[in-house]
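Step one of this worksheet: look at the structure below.
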Amino acid sequence: MAGLTRHALLLVTLALLPLLAGCEPQDSLAQIRERGELVVVSRNSPTTYYLDKNGPTGFEYALAALLAEELQVDLRMETAYNLHDIFHKLRRHDANIAAAGLTLTEERAAVFPHSMPYNTLTPQVIYIAGADRPRSLAELPGHGIAALAGSSHVEMLSTLQRSELPALAWEEIDDADTTQLLELLQNDQAELALIDSHEFAVQQALYPQLQVAFDLGREQEMVWYLAPGLDNTRLLAFIDDFFLRLQKDGTLARLREQFFGHGEGISHRSASEFAQSIDQLLPEYLQLIKQVAGEYQMDWHLLAAIAYQESRWDPLATSPTGVRGMMMLTEATAKAMGVDNRLDAEQSLRGGARYLKDIKRRLPQNIAEPDRTWMALAAYNIGLAHLEDARVLTARQGGDPNLWQDLMARLPLLQQSRYFKTTRYGYARGAEAAALVRNVRHYYSVLAWHEIPDIQPQPPLRVDDYLPAVIRGIELQAL
Ligand code: GLU
């Protein structure tokens, strides 16, 4: 009987084969163009896709927006509530591409076509400073480990458990944002968390007591995954070509710098002081900062970030070089800006805001935002003349003098005689100016990220939340 059934099945399959061969998979690129819409699924996190006061932003969003522009179609972003959901959406063809800081893994690659790598990352084991710190894989079993469900990290843990560490156990968090993992650590609900290096670098500022225990293996590649079951040949070629071009013309490096660069180089101590000051000092000056920023059409997070960098929000700050007050103005600048009492917080903030606005106005027109702001800030520190020198050096070395990233790398050269001898205005503490901008950008993004959770896109409801009990468990495909 069983043999007969199998035989019948074989016959049916054989009969159907020509039919199956006839229905060729659709060309995904043509489909996107026909619909005039590119649908990209991502996850809401500071390293991928989020909303700030100007609308959607994030590394993945920026890339997706550029791709949509090249394809001359609209971009629709879909937010997934966890990593499984991302792949579920691809499988169901609810999205064309998944762009969510996703690691290239064997299991995923077996099912989903993927792009060439456009970034690298290293998975890391994070722990709370002062607690027991494991230093290698062998020391992981016995610790309470948390990782995102469906993540590449869980795939790694499972492989390790099967191969060399059968005692390894972990908890899977059903969320899309690694912030949840860090929250668990912070609240003593987990001992260790697994997250990617670039994510931790960005988020560490919010969790200053968390640190890297060790890198979990080698550097890995980040890719976009595509919906399976379609003819993706042309879409993949288009995307790879796009990534190659962005790599060549420096766009990728610039976006990486823009979204991940500011986390680097901030020490654990300064991050924790900053977190404390946000709670304890900022509330006292917040109203004033917002008011002055409003007067100068400036983003208050930026004004607050500069004031923190300059004086740690201390209106009475003084330095041995004679600069003073909340915005650390020199006597000459204060005078030029109409400030008669530098130690008055309101006057100082006004003077600083006005000075920055002045500098910005005097920068060459072809420097676009946000580079324009960062350059103005560097000039706030070393003066426009030196900034101009650094721009000349940048151009001389083949860099783009209108890009902050290129300029930043040359600012420290103003301290080396080999270089400053050749410039018009000579020596300047360029490294300090570059560091100042890096710090301000870091403080700025922490302040901005702190403020925005309320406006984040809401993930869709989970099945369990709205389906009656009888049909819970039936997968969504059926619906
Ligand atoms: N890169 C991870 C993955 O591809 C997601 C981020 C994380 O879990 O930290 O699954």
Side-chain angles (χ1 to χ4, degrees), residues 40-50 58-61 63-64 78-91 95 97-127 140 144-160 168 170-186 190-207 210-226 256 259-260 263 449 459:
V40 173
V41 56
S42 193
R43 58 197 171 102
N44 184 215
S45 87
T47 51
T48 51
Y49 166 56
Y50 62 96
F59 183 61
E60 298 288 8
Y61 174 79
L63 288 172
E78 282 279 322
T79 319
Y81 57 76
N82 61 27
L83 291 162
H84 286 305
D85 187 35
I86 291 183
F87 293 99
H88 187 59
K89 284 201 158 64
L90 281 186
R91 250 187 240 112
I97 298 174
L102 296 171
T103 310
L104 175 59
T105 75
E106 267 178 39
E107 279 180 27
R108 290 171 179 172
V111 183
F112 301 94
H114 63 85
S115 72
M116 63 170 270
Y118 59 97
N119 202 6
T120 53
L121 49 96
T122 308
Q124 294 181 319
V125 179
I126 309 300
Y127 78 114
L140 285 182
I145 306 174
L148 286 191
S151 67
S152 53
H153 307 146
V154 166
E155 200 178 312
M156 273 179 98
L157 290 172
S158 312
T159 312
L160 276 170
L168 195 61
W170 62 90
E171 191 190 346
E172 297 183 16
I173 308 305
D174 192 23
D175 206 293
D177 182 6
T178 40
T179 314
Q180 298 306 323
L181 298 177
L182 301 180
E183 286 284 327
L184 286 183
L185 273 190
Q186 170 116 321
E191 287 173 82
L192 304 172
L194 304 189
I195 86 167
D196 294 327
S197 45
H198 68 293
E199 300 211 21
F200 186 60
V202 168
Q203 305 208 27
Q204 188 180 19
L206 298 173
Y207 303 92
L210 304 187
Q211 281 181 344
V212 179
F214 64 93
D215 286 351
L216 191 64
R218 280 199 244 125
E219 194 174 78
Q220 301 181 339
E221 294 175 326
M222 192 186 284
V223 294
W224 281 357
Y225 289 97
L226 271 57
R256 255 185 233 128
F259 290 105
F260 310 135
W449 183 252

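Ligands are counted one by one from 1 in listed order, and the atoms in each one are counted from 1 as well.
- No side-chain heavy atom of Tyr81 sits less than 4.5 Å from a side-chain heavy atom of Asn44.
- Side-chain contact between Thr47 and Phe59: absent, with no pair of heavy atoms (C-beta onward) separated by less than 4.5 Å.
- Side-chain contact of Asp196 with His153: a donor-acceptor pair under 3.5 Å is present, judged by distance alone.
- Checked by atom type, the side-chain pair Glu60/Ser42 shows no donor-acceptor distance below 3.5 Å.
- Take Glu172 and apply the salt bridge (charged side-chain N to carboxylate O under 4.0 Å, His left out) test, not counting sequence neighbours, and it matches no residue.
- Residues Glu191 and Tyr127 form no side-chain contact, since every pair of their non-hydrogen atoms from C-beta on lies 4.5 Å or further apart.
- Around ligand 1 you find Arg43, Leu83, Gly101, Leu102, Thr103, Arg108, Leu148, Ser151, Ser152, His153, Thr178, Ile195, Asp196, Glu199, each with a heavy-atom distance below 4.0 Å.
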